[in-house]
Peer 1: 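Can you keep this structure in mind? I'll have questions shortly.
As the structure is a computational prediction, the values presented were derived from the model and not from experiment.
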Amino acid sequence: HILISDDTRVEIQKAFDAYIFLSYRKKDRAQAQKLMRLIHNNDFCRDVAIWYDEYLIPGEDFNRAIEEALYKSKVFALMVTPSVIEPDNYIIRQEYPKAREISQEKQFPILPIECAKTDEVALHNLYENIPPCAMADNSERLSEALRTSLKNVALMKKQDDPVHNYLIGLAYLNGVDVEIDYER
């Protein structure tokens, strides 16, 4: 790690082509981190940041911060596991309805990604108009679903720009809106 200033952090965040909002249950955090790596295994997603609740700051108004992150994002990815169909959870009450509202307002794709076998009937009963799930264990289909969801985003438009690549490298080195990945 290297220490980065707040100004550099802002420059890093501006360097991303797009943000994906990753919605998942806290008890599935390890699976969420695996899903982030699966997303970033797609070269065209290298410059796509993934926002998830680890970026919330203690004392911050969580609902407001989540709403801001949703508006900033280009895709709402719902990590589907049996946990998301447990009654009265935050995703059902807050995140998914807000994502649907934003989806109708600004052509915001909703991308459910099944990471563990989940009761499909219960999922459709709890999540109104949920699209079909991409499967995390099928990299080709997941890649296709990501590409389709990000079709209106100019991906990898600055891949030959050394300053851009430096900033994206700093993002992966320090975990700025992406998972830490020293190799990348």
Peer 1: Give a yes or no on whether the backbone of Val176 and the side-chain of Asn174 come within a donor-acceptor separation of less than 3.5 Å.
Peer 2: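 No; judged by distance alone, with no hydrogens or angles, the pair does not exist.
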
Peer 1: Taking Glu67 first and then Lys98, would you say they form a salt bridge - that is, a charged N and a carboxylate O separated by under 4.0 Å?
Peer 2: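 Answer for the salt bridge query: yes.
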
Peer 1: Looking only at heavy atoms, what is the nearest atom pair of Leu22 and Tyr52, with distance?
Peer 2: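 Here Leu22 and Tyr52 meet closest at O-CB, 3.8 Å.
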
Peer 1: Is there a path of hydrophobic side-chain contacts, each under 4.5 Å between heavy atoms, that joins Ile168 and Val10?
Peer 2: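 No, Ile168 and Val10 fall in different hydrophobic clusters.
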
Peer 1: I'd like to know whether Val84 forms a side-chain contact (heavy atoms from CB on, under 4.5 Å) with Leu123, so could you lay out the CA-CA distance, the side-chain angles of the two residues, the decisive distance to 0.1 Å, and finally the verdict.
Peer 2: CA-CA 8 Å; Val84 300; Leu123 184 68; 4.1 Å; yes

Peer 1: Answer yes or no: is there an ion pair linking Glu144 with Arg141, defined by an N-O contact shorter than 4.0 Å?
Peer 2: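 No.
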
Peer 1: Please check if Tyr71 and Tyr19 belong to a single hydrophobic cluster, counting links between Ile, Leu, Val, Met, Phe, Trp and Tyr side chain heavy atoms closer than 4.5 Å.
Peer 2: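 Yes, because Tyr71 and Tyr19 connect within a single hydrophobic cluster, where side-chain heavy atoms sit under 4.5 Å apart.
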
Peer 1: So, for Asn89 and Ser83, which heavy atoms are closest and what is the spacing to 0.1 Å?
Peer 2: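 The pair with the smallest heavy-atom distance is ND2-O, 3.7 Å.
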
Peer 1: Atom CG in Leu173, atom CG in Asp181: separation rounded to 0.5 Å?
Peer 2: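 The CG atom of Leu173 sits 10.0 Å away from the CG atom of Asp181.
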
Peer 1: Check whether any side-chain heavy atom of Ile180 lies under 4.5 Å from a side-chain heavy atom of Tyr172, and answer yes or no.
Peer 2: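 A side-chain contact is absent here, since even the closest heavy-atom pair is not under 4.5 Å.
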
Peer 1: Looking at side-chain heavy atoms only, is the closest gap between Ile102 and Ser73 below 4.5 Å?
Peer 2: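 Of all side-chain heavy-atom pairs linking Ser73 with Ile102, none is under 4.5 Å.
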
Peer 1: Quick one, Thr81 and Met79 - any side-chain contact, counting heavy atoms below 4.5 Å?
Peer 2: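 The answer is yes; the side chains approach within 4.5 Å.
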
Peer 1: Specify the closest pair of heavy atoms between Cys45 and Leu150, including all atoms of both residues, with the distance to one decimal.
Peer 2: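 Shortest heavy-atom separation between Cys45 and Leu150 comes out as SG-CD1, 4.0 Å.
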
Peer 1: Are His124 and Asn129 linked by a side-chain donor-acceptor pair shorter than 3.5 Å?
Peer 2: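 There is no such pair (donor and acceptor under 3.5 Å, judged by atom type) between the side chains of His124 and Asn129.
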
Peer 1: Would you say Phe108 and Lys74 make side-chain contact, with heavy atoms under 4.5 Å?
Peer 2: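 The answer is no, as the side chains (C-beta and beyond) never meet within the 4.5 Å cut-off.
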
Peer 1: Using side chain to side chain donor-acceptor pair (under 3.5 Å) as the criterion, list what pairs up with Tyr96, not counting sequence neighbours.
Peer 2: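 In terms of side chain to side chain donor-acceptor pair (under 3.5 Å), with neighbours along the sequence ignored, Tyr96 is linked to no residue.
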
Peer 1: Would you mind reporting whether Pro109 and Phe76 have side-chain heavy atoms less than 4.5 Å apart?
Peer 2: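 SC-SC contact between Phe76 and Pro109 ruled out.
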
Peer 1: Going by heavy atoms in the side chains, are Asn41 and Leu142 under 4.5 Å from each other?
Peer 2: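 The answer is no; the side chains never approach within 4.5 Å.
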
Peer 1: With the side chain counted from C-beta on, respond yes when Thr8 and Leu170 share a heavy-atom pair under 4.5 Å apart, and no when they do not.
Peer 2: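 Yes, their side chains come closer than 4.5 Å.
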
Peer 1: May I ask you to say whether Lys72 pairs ionically with Glu68, meaning some side-chain N is under 4.0 Å from a carboxylate O?
Peer 2: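 Judged by the 4.0 Å cut-off on N to carboxylate O distance, Lys72 and Glu68 do not form a salt bridge.
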
Peer 1: Please answer: with hydrophobic residues joined when any side-chain heavy atoms are less than 4.5 Å apart, are Val163 and Val178 in the same cluster?
Peer 2: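 Yes, it is one cluster - the side chains of Val163 and Val178 are joined through contacts under 4.5 Å.
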
Peer 1: When you look at CD of Glu105, are more than 12 heavy atoms from neighbouring residues, nucleotides or ligands closer to it than 6.0 Å?
Peer 2: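 More than 12 heavy atoms, drawn from other residues, nucleotides or ligands, come within 6.0 Å of this atom.
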
Peer 1: Between Glu86 and Lys27, is there a salt bridge with N-O shorter than 4.0 Å?
Peer 2: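 Yes, this pair counts.
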
Peer 1: Do you reckon Ile4 sits in the same ILVMFWY cluster as Phe16, going by side-chain contacts under 4.5 Å, direct or chained?
Peer 2: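 Both belong to a single hydrophobic cluster.
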
Peer 1: Start with the C-alpha distance between Trp51 and Phe21, add both sets of side-chain angles, then the distance that settles ring-ring contact (aromatic ring centres under 6.0 Å, His included), and finish with yes or no.
Peer 2: CA-CA 5 Å; Trp51 190 95; Phe21 184 101; 4.9 Å; yes

Peer 1: State, with a plain yes or no, whether a side-chain heavy atom of Tyr90 is found less than 4.5 Å away from one of Arg25.
Peer 2: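 Answer no - side chains too far apart.
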
Peer 1: List the atom of His40, the atom of Ile50, and the distance in Å for their closest heavy-atom pair.
Peer 2: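 Reported closest heavy-atom pair: CE1-CD1, 3.5 Å.
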
Peer 1: Can you tell me how far apart CG (Asn42) and OG (Ser139) are? Round to the nearest 0.5 Å.
Peer 2: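 The CG atom of Asn42 sits 8.0 Å away from the OG atom of Ser139.
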
Peer 1: What's the spacing between Ser23 OG and Leu111 CG if we round to 0.5 Å?
Peer 2: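 Here the rounded value is 12.0 Å.
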
Peer 1: Between Pro131 and Pro112, which heavy-atom pair has the shortest distance, and what is it?
Peer 2: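 Looking at all heavy atoms of both residues, the shortest contact is O-CG, 3.2 Å.
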
Peer 1: In the single-linkage hydrophobic clustering (I, L, V, M, F, W, Y; side-chain heavy atoms under 4.5 Å), do Met135 and Ile39 co-cluster?
Peer 2: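 They do not share one cluster, since no chain of ILVMFWY contacts under 4.5 Å joins Met135 to Ile39.
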
Peer 1: Before you tell me yes or no, could you show the steps for Tyr127 and Leu78 under side-chain contact (heavy atoms from CB on, under 4.5 Å), namely the whole-Å CA-CA distance, both residues' side-chain angles and the distance that decides it to 0.1 Å?
Peer 2: CA-CA 11 Å; Tyr127 294 88; Leu78 173 62; 4.1 Å; yes

Peer 1: Please determine if Arg147 forms a cation-pi arrangement with Phe44, meaning its NZ or CZ atom is less than 6.0 Å from the six-membered ring centre and no more than 45° off the ring axis.
Peer 2: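 Judged by the rule (NZ or CZ under 6.0 Å from the ring centre, within 45° of its axis), Arg147 counts as positioned above Phe44.
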
Peer 1: What are the two closest heavy atoms between Pro97 and Ile91, and how far apart are they?
Peer 2: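 Result for this residue pair: CD-O, 3.6 Å.
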
